[in-house]
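Values below: all heavy atoms of this structure, side chains included; hydrogens, waters and symmetry mates excluded. Residues take their numbers from the sequence shown, with the count starting at 1. Both counts, for ligands and for their atoms, begin at 1 and track the order of listing.
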Amino acid sequence: MKLGFYNIQGGTGKTTIAANFAYVLSQSVKTILIDCDLYGGTTSLIFGLEDVDHNLNSYLSGTSTVEDIIYNYEDLAIIPTGVTSEVFGYKTDIEKFIELVEVLSDEYDVIVYDCPPNIPESSLLLAYGSEENLVNKVIVVGEDSIPAIVNSLKSIELLKDFGIGLTGIIVNKYRGLTDLSEIADDIIGVLSYDPNVERQWSESKPIVKIKTKFSKELINLTHDIASIYLEKDLASLRALKVAKTLSGISEDEFKKDIES
Ligand SMILES: Nc1ncnc2c1ncn2[C@@H]1O[C@H](COP(=O)(O)OP(=O)(O)OP(=O)(O)O)[C@@H](O)[C@H]1O
Ligand SMILES: [Mg+2]
């Protein structure tokens with residue numbers, strides 16, 4: 001399963017949710033998080049990977065191998081980005097990215113993409129996502145304000161135009177400011193505004209490791225998304241096994257399930 005988190009708008013919580021979602025999943029299934037924000041990625045900050053030598057940029061520019069760029073935080077595998085002036089002017093090698101995803105798809109049950117805002121030309125997923133099978137579904141992470149809702153709806157339109165499957169909108173930083181009833185059909189989750197979220201950056205650890213309101217909501221949402229959407233979208237036996245594991249069904253029950 002390859003799942004992206006996206007919005008044309010910056011700062012809505014894509015990185016926060018992608019990183020923590022991936023961390024929670026990694027406790028049950030083999031998960032890799034790819035920071036696709038080539039020019040402004042911040043995933044590394046959550047996992048203490050700011051100063052590493054290899055990253056997605058160095059892989060795409062041909063100076064690092066696949067093995068070089070994969071780092072671990074507990075059971076989660078992570079490919080960070082790292083911007084330096086050296087990446088200025090180099091053309092993203094989409095073929096190399098496709099190759100990377102192919103290799104990772106064999107090894108990981110779930111690939112989580114943290115996408116940059118906007119629709120930059122270098123976008124790794126949008127332009128080639130559907131035809132190259134780089135991504136199965138994208139979740140739009142939006143905020144609780146009227147302009148943000150408009151941007152979330154625009155993001156959905158864009159994804160449709162690019163032929164990319166949509167799971168729905170997560171309304172993040174919810175403070176009860178907007179009436180969500182108009183977009184209720186597109187919403188798959190609502191996460192509260194919680195100033196504690198900021199601690200993930202200063203303490204270099206996923207916020208779900210710290211007991212906060214937001215963490216509790218995000219852990220529950222991750223399990224819901226995993227059990228409902230992954231199960232629905234996955235067809236292969238291995239994928240079904242992953243979905244069952246995620247929804248908390250024991251191995252024995254699962255075996256009984258597939259035998260019957
Ligand atoms: N539910 C929340 N409550 C309070 N603050 C939050 C919440 N979610 C995210 N934030 C804060 O909002 C800011 C932006 O979050 P984040 O970097 O995850 O967004 P993003 O969409 O990835 O941004 P960018 O578009 O720059 O990649 C961060 O300071 C983060 O700590
Ligand atoms: Mg981000």
Side-chain angles (χ1 to χ4, degrees), residues 3-24 33-50 55-57 73 76 78-83 87 111-126 135 138-145 147-156 158-159 167-178 180 187-222 224-225:
L3 197 63
F5 289 82
Y6 175 65
N7 199 312
I8 54 173
Q9 183 177 333
T12 58
K14 300 174 289 295
T15 298
T16 299
I17 295 175
N20 283 278
F21 177 90
Y23 174 74
V24 173
L33 169 68
I34 308 182
D35 187 348
C36 295
D37 195 344
L38 288 172
Y39 305 114
T42 50
T43 306
S44 57
L45 298 177
I46 299 183
F47 301 103
L49 298 172
E50 302 91 289
N55 53 51
L56 185 58
N57 304 66
Y73 181 92
L76 176 64
I78 301 156
I79 298 182
T81 53
V83 73
V87 302
I111 299 178
V112 177
Y113 301 107
D114 172 14
C115 301
N118 304 317
I119 41 169
E121 264 180 59
S122 59
S123 170
L124 295 170
L125 293 188
L126 296 187
V135 59
V138 169
I139 293 176
V140 170
V141 176
E143 281 187 29
D144 173 25
S145 74
I149 301 275
V150 170
N151 278 332
S152 295
L153 293 172
K154 276 191 195 154
S155 305
I156 289 182
L158 273 171
L159 293 169
T167 299
I169 302 174
I170 293 177
V171 178
N172 186 31
K173 306 190 192 181
Y174 184 68
R175 283 182 279 184
L177 298 178
T178 47
L180 300 179
I187 296 179
I188 57 165
V190 177
L191 299 170
S192 299
Y193 179 84
D194 182 346
N196 286 308
V197 172
E198 224 52 41
R199 289 172 58 188
Q200 67 187 341
W201 314 104
S202 58
E203 296 181 29
S204 290
K205 61 177 164 196
I207 188 65
V208 291
K209 290 192 82 172
I210 305 170
K211 218 172 161 200
T212 67
K213 185 170 193 283
F214 177 84
S215 305
K216 197 171 161 219
E217 291 171 356
L218 184 53
I219 291 168
N220 288 339
L221 182 61
T222 300
D224 284 354
I225 291 173

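Per-residue contacts place T12 under 4.0 angstrom from the following atoms of ligand 1 (heavy atoms of the residue considered): 19 (O), 20 (P), 21 (O). Every atom of ligand 1 with a heavy atom of P117 under 4.0 Å away is listed here by number and element: 25 (O). Atom numbering of ligand 1 starts at 1 in the shown order; those under 4.0 Å from a heavy atom of G10 are 25 (O). Atom numbering of ligand 1 starts at 1 in the shown order; those under 4.0 Å from a heavy atom of S192 are 1 (N), 2 (C), 3 (N). Counting the atoms of ligand 1 from 1 in the order shown, those under 4.0 Å from a heavy atom of D37 are 27 (O). The N172 neighbourhood of ligand 1 comprises atoms 1 (N), 2 (C), 7 (C), 8 (N), 9 (C), with distances under 4.0 Å to a heavy atom of that residue.
Around the Mg ion (ligand 2), the protein contributes the following N, O or S atoms at distances under 2.8 Å: T15 OG1.
Counting heavy atoms from C-beta on, the side chains of N196 and I210 never come closer than 4.5 Å.
Listed by chain and residue number, V24, V208, H223 satisfy the side-chain contact (heavy atoms from CB on, under 4.5 Å) test with I219 (two or more places apart in sequence, or in another chain). Take N172 and apply the side-chain contact (heavy atoms from CB on, under 4.5 Å) test, not counting sequence neighbours, and it matches I17, V141, L191, F214. With sequence neighbours left out, the salt bridge (charged side-chain N to carboxylate O under 4.0 Å, His left out) criterion links K213 to E217.
For ligand 1, the polar-atom distance check against G13 finds a nitrogen or oxygen pair separated by under 3.5 Å. For T16, a nitrogen or oxygen atom sits less than 3.5 Å from a nitrogen or oxygen atom of ligand 1, counting backbone and side chain alike.
Of the candidates P116, G142, G11, G40, the one placing a heavy atom closest to atom 14 (C) of ligand 1 is G11. The residue from Q9, K173, K14 that puts a heavy atom closest to atom 12 (O) of ligand 1 is K173.
Among protein heavy atoms, atom 4 (C) of ligand 1 sits closest to D194 O, 3.1 Å.
Proximity of W201 to ligand 1 is established by a heavy-atom distance of less than 4.0 Å.
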